[in-house]
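The structure appears below as structure tokens.
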Amino acid sequence: MKKTVIYPGSFDPLTNGHINIIKRAAKTFDEVIIAVAINSNKNSIMSVDERVNTIKSIFKNSKKIKIDKFSGLLVKYAKSKKVNTIIRGMRTVQDFEYELQMATSNNKLDQAIETVFMVADANYAHISSSLIKDIIKLGGSAKEFVHPKVESELKKILKKRK
Ligand code: ADP
């Protein structure tokens, strides 16, 4: 039976740390659904559709990797996709505390749902979307931390805002 995993997140923007988790997950599972959360966070730098389209263009040649967006409860979304495994990345003790709470809550909401964690690669563990947002807002280059397609998208967005 095909084993699918959902990788949910804000991905605002997608970083090289996320990409590392996605590629490793695609080696471990038959299919990975990257699920971009639709939430009304006013601090977001990219719209949900900009995120989805950029991620799609990055993984357009990877048959095992699918991109989608969802709103509302993650467990409901997972059920609608008939998937019961969620993957999350783990960088720090702070991540652990938050992720433990989320995983436990999701399992309480739906006992069929299991969350698995992938430990961040040491080369990427320092990268976060909020770090990228800060660098970009201060006029710096995020080149080292994101895919070239994300970088050019961020540049376009900032130009429009000016
Ligand atoms: P959320 O807002 O749901 O936390 P993020 O886009 O910030 O969404 O992160 C999605 C998932 O990816 C989380 O599990 C997070 O811990 C993980 N993650 C974020 N950055 C990295 C990284 N550099 N390396 C590994 N995992 C990461």
Side-chain angles (χ1 to χ4, degrees), residues 4-29 31-59 62 64-78 81 83-110 113-137 140-151 153-154 157:
T4 301
V5 71
I6 292 176
Y7 182 35
S10 309
F11 307 112
D12 182 43
L14 181 87
T15 70
N16 289 340
H18 294 133
I19 292 178
N20 176 263
I21 296 286
I22 294 161
K23 287 187 175 164
R24 287 161 62 204
K27 284 188 192 157
T28 314
F29 293 88
E31 184 180 59
V32 181
I33 302 175
I34 305 167
V36 179
I38 304 171
N39 49 29
S40 51
N41 183 349
K42 290 202 180 88
N43 276 329
S44 61
I45 195 161
M46 293 175 84
S47 73
V48 169
D49 287 334
E50 283 166 343
R51 286 176 238 168
V52 168
N53 292 336
T54 310
I55 302 173
K56 266 189 186 157
S57 76
I58 293 172
F59 293 108
S62 317
K64 293 177 95 180
I65 300 168
K66 304 266 155 46
I67 295 87
D68 196 8
K69 57 185 174 185
F70 76 101
S71 59
L73 281 179
L74 175 61
V75 292
K76 279 197 182 162
Y77 169 73
K81 291 275 151 190
V83 175
N84 54 23
T85 313
I86 291 165
I87 191 164
R88 296 279 289 175
M90 186 79 81
R91 288 163 296 182
T92 57
V93 175
Q94 282 90 338
D95 272 356
F96 176 79
E97 290 198 358
Y98 174 70
E99 296 292 345
L100 182 68
Q101 202 179 12
M102 291 289 293
T104 310
S105 309
N106 283 333
N107 186 260
K108 290 272 178 248
L109 289 169
D110 184 341
I113 300 288
E114 294 290 354
T115 305
V116 297
F117 295 102
M118 202 164 250
V119 173
D121 183 302
N123 292 317
Y124 303 106
H126 59 291
I127 307 175
S128 67
S129 296
S130 48
L131 168 85
I132 310 296
K133 275 188 267 201
D134 286 346
I135 293 174
I136 293 288
K137 281 175 186 162
S141 166
K143 202 172 174 176
E144 219 188 297
F145 310 109
V146 297
H147 189 281
K149 286 189 173 162
V150 174
E151 203 209 352
E153 201 55 36
L154 288 172
I157 292 166

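Both ligands and their constituent atoms are indexed starting at 1 by order of listing. Everything quoted here is computed from the prediction, not taken from an experiment.
- In K27, the NZ atom is not crowded: 12 or fewer heavy atoms of neighbouring residues, nucleotides or ligands sit closer than 6.0 Å.
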Criterion side chain to side chain contact (heavy atoms under 4.5 Å, CB included) on N107 and T115, from CA distance to verdict: CA-CA 8 Å; N107 186 260; T115 305; over 6 Å; no
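- At least one N or O atom of H18, backbone or side chain, sits closer than 3.5 Å to an N or O atom of ligand 1.
- Which of G89, S10, G17, A37 comes nearest to atom 16 (O) of ligand 1 through a heavy atom is settled by distance: it is G89.
- Counting the atoms of ligand 1 from 1 in the order shown, those under 4.0 Å from a heavy atom of Y124 are 22 (C), 23 (N).
- With a 4.0 Å heavy-atom cut-off, ligand 1 is reached by the side chain of R91 but not by its N, CA, C or O.
- In terms of protein heavy-atom proximity, atom 4 (O) of ligand 1 is nearest to R88 NH2, 3.2 Å.
- Considering backbone and side-chain N/O atoms, I21 never comes within less than 3.5 Å of an N/O atom of ligand 1.
- No more than 12 heavy-atom neighbours from other residues, nucleotides or ligands sit within 6.0 angstrom of NZ on K23.
- At a 3.5 angstrom cut-off on N or O pairs, A120 does not count as close to ligand 1.
- Between T15 and ligand 1, no N or O atom pair is found at a separation short of 3.5 Å.
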Please lay out, stage by stage, how T28 and I87 fare under the test side chain to side chain contact (heavy atoms under 4.5 Å, CB included). CA-CA 11 Å; T28 314; I87 191 164; over 6 Å; no
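- A salt bridge does not link D110 to K76: none of the charged nitrogens lies less than 4.0 Å from a carboxylate oxygen.
- Not one N or O of S128 is nearer than 3.5 Å to an N or O of ligand 1, by distance alone.
- In H126, neither the side chain nor the backbone holds a heavy atom less than 4.0 Å from any atom of ligand 1.
- Taking atom 6 (O) of ligand 1 as the reference point, the nearest protein heavy-atom neighbour is F11 N, 2.9 Å.
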Residues L14, R51; criterion side chain to side chain contact (heavy atoms under 4.5 Å, CB included); working and verdict: CA-CA 7 Å; L14 181 87; R51 286 176 238 168; over 6 Å; no
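- In terms of N/O distances under 3.5 Å, ligand 1 is not approached by S129.
- In this structure, the separation between CD1 on I132 and CG on N16 is 7.5 Å, given to the nearest 0.5 Å.
- Checked options I21, V5, I6, I67; the residue passing with V32 is V5 (criterion: side-chain contact (heavy atoms from CB on, under 4.5 Å)).
- Distances shorter than 4.0 angstrom do not occur between any heavy atom of F117 and any atom of ligand 1.
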Please evaluate residues V116 and F29 with respect to the criterion side chain to side chain contact (heavy atoms under 4.5 Å, CB included), reporting the C-alpha separation (whole Å), side-chain torsions for both, the decisive distance (0.1 Å), and the verdict. CA-CA 12 Å; V116 297; F29 293 88; 4.2 Å; yes
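- Atom 17 (C) of ligand 1 has its closest protein heavy atom at Y7 OH, 3.6 Å.
- For the pair E99 and ligand 1, a heavy-atom separation below 4.0 Å is found.
- Taking a cutoff of 4.0 Å between a charged side-chain nitrogen and a carboxylate oxygen, R24 and D121 do not qualify as a salt bridge.
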